[in-house]
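Structure first, commentary second.
Residue numbering restarts at 1 for every chain, and letters A, B, ... go by the order of the sequence lines.
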Protein chains: 2
Amino acid sequence: MLIGELAKMAGCEVETIRYYEKEKLLTAPDRSPAGYRHYRSEHLGELNFILHCRSLGISLAEIRQLADFRADPTLACEEINQLIDRHIKSVHQQVESLRLLEQQLQVLRQRCPQASDAAHCGILQTLVQAAEGEGCACHDSERSS
Amino acid sequence: MLIGELAKMAGCEVETIRYYEKEKLLTAPDRSPAGYRHYRSEHLGELNFILHCRSLGISLAEIRQLADFRADPTLACEEINQLIDRHIKSVHQQVESLRLLEQQLQVLRQRCPQASDAAHCGILQTLVQAAEGEGCACHDSERSS
DNA sequence: CTTGACCCTATAGTAGCTTCAGGGTGTGAA
DNA sequence: TTCACACCCTGAAGCTACTATAGGGTCAAG
Ligand SMILES: [Zn+2]
Ligand SMILES: [Zn+2]
Ligand SMILES: [Zn+2]
Ligand SMILES: [Zn+2]
């Protein structure tokens, strides 16, 4: 299987595969005399493992760890669990801060209910006033709520 | 006011200020004979404007646009509103996808209720099986829900 | 006249790819 | 056979928004 076919089967870009190989996440395949990479089904498994972890937002460094645990399964379950726990925590924090952000943006958006020109844009006014240290609707709502 | 004082007043790093100047977000200040940057209160306003926008997750490219509207306020309120609307939409999408991600991670986590060794780690097993194309608890819960 | 806190520039590093430049390979058709 | 075209290769640069590092200059106090 050539790299383009592997990419199609796994649903990723050719460049991504080469990148994972360079980063030593994917074991290097055999090469044809012309230098073409030739993959087998085990490579598809490896690649899917990486892509699946990536779709869960797991970093390449963490995936490297997981792959090591996979290769040497005598220990480390506890570490795997902790890795996922840490990850859940950080995703949760991201969700919380983005939700706050969304609220702040909506408050800001309401400052300009109908469009006129920039001189009278409530959004721009709010941003400029905040820069002058006068407090802002968006971040003040955080305290008052 | 020297760069260190400005940084302290605005609550950012000195390097960040120099970076914004290089990116033409901040107007270049006068220099002392020795080459030191000397800032005035208007610079603090500019910098606070940028930092406040950044705290709302607005990109530097978008801040550049907003600063342009601020400089030439004859038009463009509608564009400002649209910029914020687009931004709210993208933040909202991020929140949604991260919430889904958190759910998936929690499903995955439950596959390993108690630690033993990696060979029996439900998390690792789930990830490996998913890579073999057998379907996974984490992403299948998406469909079943 | 030296110490230490500050300032300067230019460059490289971060994450996870994507894109580009500049070239080779392999196959089907004219 | 020779051409076109799709695919493959490498190495380097680009993306975001900074942060860090190297190597040096300035200034006030003691
Ligand atoms: Zn407006
Ligand atoms: Zn605000
Ligand atoms: Zn486990
Ligand atoms: Zn899954």
Task: Residue met sooner reading DNA chain C from 5', once Ser32(A) and Glu15(A) are mapped to nucleotides - done: Glu15(A)
- [ ] Take nucleotides 2-8 of chain C nucleotide by nucleotide from the 5' end and write B, S or -, depending on whether a protein heavy atom sits under 4.0 Å from the base, only from the sugar-phosphate, or from neither.
- [x] ----BSS
4.5 Å side-chain heavy-atom contact, [X] and [Y]:
X	Y	result
Ile17(B)	His43(B)	no
His52(A)	Cys138(B)	yes
Leu101(B)	Gln104(B)	yes
Gln82(A)	Arg86(A)	yes
Gln129(B)	Thr126(B)	no
Leu56(A)	Leu127(B)	yes

Open item on the list: Categorize Glu23(B) for me: base, sugar-phosphate, or nothing, with a 4.0 angstrom heavy-atom threshold over every strand shown.
Closed with: nothing
Open item on the list: Name the residue from Leu6(B), Asn48(B), Leu47(B), Ile50(B) that meets the side-chain contact (heavy atoms from CB on, under 4.5 Å) definition with Cys12(B).
Closed with: Leu47(B)
Protein-nucleotide distance ([X], atom [atom1]; [N], atom [atom2]), rounded to Å:
X	N	atom1	atom2	answer
Glu21(A)	dC17(C)	CD	C1'	16 Å
Leu26(B)	dC18(D)	CG	P	12 Å
Ile17(A)	dG16(C)	CD1	P	18 Å

Under 3.5 Å, which protein N or O atoms sit close to an N or O of nucleotides 11-17 of chain D? Give each pair with its distance.
from: dA17(D); atom 1: N7; to: Tyr19(B); atom 2: OH; distance (Å): 3.4

Open item on the list: Nearest 0.5 Å, please: how far is OG in Ser97(A) from CD in Glu102(A)?
Closed with: 12.0 Å
